[in-house]
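To start, the structure under review is shown below, and the notes come after it.
Residues take their numbers from the sequence shown, with the count starting at 1.
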Amino acid sequence: MSAKRLQQLKGHILPENKITAMAGSPSPLTTHVLNTGMGVPGSNMALSLHRQNPSTKVWSLITTGTTNDDGRCPGLITKEAFTAGVYRIRFETAQYWESLGETCFYPYAEIVFTINNSDQKYHIPLILSCFSYSTYRGS
């Protein structure tokens with residue numbers, strides 16, 4: 001069995017929060033990209049996390065990342081940096097689909113959400129195909 005497949009299995013057997021907890025403090029904000037058009041995780045997708053300044057409404061970049069083989073991007077933000085406010089995750093979907101030899105309708109997907117209680121854990125998945133995407137608040 002390949003090392004890549006073993007890593008994927010590990011991600012399904014041990015939830016991300018347990019893997020992250022073993023490596024250190026878990027991120028209070030997680031994401032998971034699922035390519036439902038092909039039935040696979042959305043691996044190697046570039047993304048960025050931003051926070052909106054409540055006074056000026058200007059977005060500030062917090063971090064950038066790339067999803068792993070399981071479509072996850074662990075370590076988005078530390079518990080200390082995670083405060084109440086309005087956040088945005090931008091997923092670079094055009095680059096992702098181009099890397100698979102496909103075209104897409106949406107060049108990027110932005111999910112904007114409000115954090116009222118930074119003591120809770122928030123999971124923001126992106127479920128996509130070439131011509132659609134959806135999301136929900138997970139736990």
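Every side chain to side chain contact (heavy atoms under 4.5 Å, CB included) that Ser134 has, sequence neighbours left out, goes to Ile127. Every residue two or more places apart in sequence or in another chain was checked for a side chain to side chain donor-acceptor pair (under 3.5 Å) with Thr135, and none qualifies. In terms of the side chain to side chain donor-acceptor pair (under 3.5 Å) criterion, Thr67 has no residue partners (sequence neighbours excluded). Applying the side chain to side chain contact (heavy atoms under 4.5 Å, CB included) test to Ala81 and every residue at least two apart in sequence or in another chain returns Ile77, Thr78. Looking at residues two or more places apart in sequence or on another chain, you find a side chain to side chain contact (heavy atoms under 4.5 Å, CB included) between Thr64 and Ser48, Leu61.
Taking both residues in full, the closest heavy atoms of Ser118 and Ala84 are given as CB-N, 4.1 Å, listed atom of the first, atom of the second, then distance. Smallest separation of non-hydrogen atoms from Cys73 and Gly65: SG-CA, 4.0 Å. Residues Pro125 and Thr31 approach most closely at CA-OG1, 4.3 Å, considering heavy atoms.
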- Query: How far apart are the C-alpha atoms of Thr30 and Ser27, what are their side-chain angles, what is the distance that settles it, and do they pass the side-chain hydrogen bond (donor to acceptor under 3.5 Å, both in side chains) test?
  - Reply: CA-CA 7 Å; Thr30 57; Ser27 176; over 6 Å; no
- Starting from the C-alpha separation in whole Å, work towards a yes-or-no answer on side-chain contact (heavy atoms from CB on, under 4.5 Å) for Arg137 and Phe113. CA-CA 9 Å; Arg137 185 209 165 168; Phe113 52 97; over 6 Å; no
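Cluster partners of Val58, using a side-chain heavy-atom cutoff of under 4.5 Å among ILVMFWY residues and allowing indirect links: none. The hydrophobic cluster analysis finds Tyr108 isolated: no Ile, Leu, Val, Met, Phe, Trp or Tyr side chain comes under 4.5 Å of it, directly or through other members. Other residues sharing the hydrophobic cluster of Val86, ordered by chain and number and joined by side-chain separations under 4.5 Å: Trp59, Val112.
Hydrophobic clustering (side-chain heavy atoms under 4.5 Å, transitive across Ile, Leu, Val, Met, Phe, Trp, Tyr) groups Ile62 together with Leu76. There is no path of hydrophobic side-chain contacts, each under 4.5 Å, that joins Tyr136 to Ile115.
Counting heavy atoms from C-beta on, the side chains of Leu29 and Ile124 come closer than 4.5 Å. Looking at heavy atoms from C-beta onward, Phe91 lies in side-chain contact with Ile111 at the 4.5 angstrom threshold. Asn68 is listed as a side-chain neighbour of Pro74, based on a closest heavy-atom distance under 4.5 Å. Residues Leu128 and Met45 have side chains in contact (heavy-atom distance under 4.5 Å, counting atoms from C-beta outward).
In this structure, the side chain of Thr93 engages the main chain of Tyr106 through a donor-acceptor pair within 3.5 Å. Checked by atom type and distance alone, the side chain of His32 pairs as donor or acceptor with a backbone atom of Asp70 at under 3.5 Å.
Under the 3.5 Å distance criterion, with hydrogens and angles disregarded, no donor-acceptor pair is assigned to the side chains of Lys121 and Ser139.
Listed by first then second residue, pairs satisfying salt bridge (Lys or Arg N to Asp or Glu O under 4.0 Å) with a partner in residues 106-119 read Lys79-Asp119, Arg88-Glu110, Arg90-Glu110, not counting sequence neighbours. Applying the salt bridge (Lys or Arg N to Asp or Glu O under 4.0 Å) test to residues at least two apart or on different chains, none of the pairs has a partner in residues 27-38. For residues 35-57, no residue pair satisfies the salt bridge (Lys or Arg N to Asp or Glu O under 4.0 Å) rule, not counting sequence neighbours. Every pair passing side chain to side chain donor-acceptor pair (under 3.5 Å) that includes a residue from residues 94-104 is listed here, sequence neighbours excluded: Asn35-Tyr96.
Distance check: Phe105 CZ to Phe131 CZ gives 8.5 Å after rounding to the nearest 0.5 Å. Put simply, CG on Leu100 and SG on Cys130 are 8.0 Å apart, with the number rounded to the nearest 0.5 Å.
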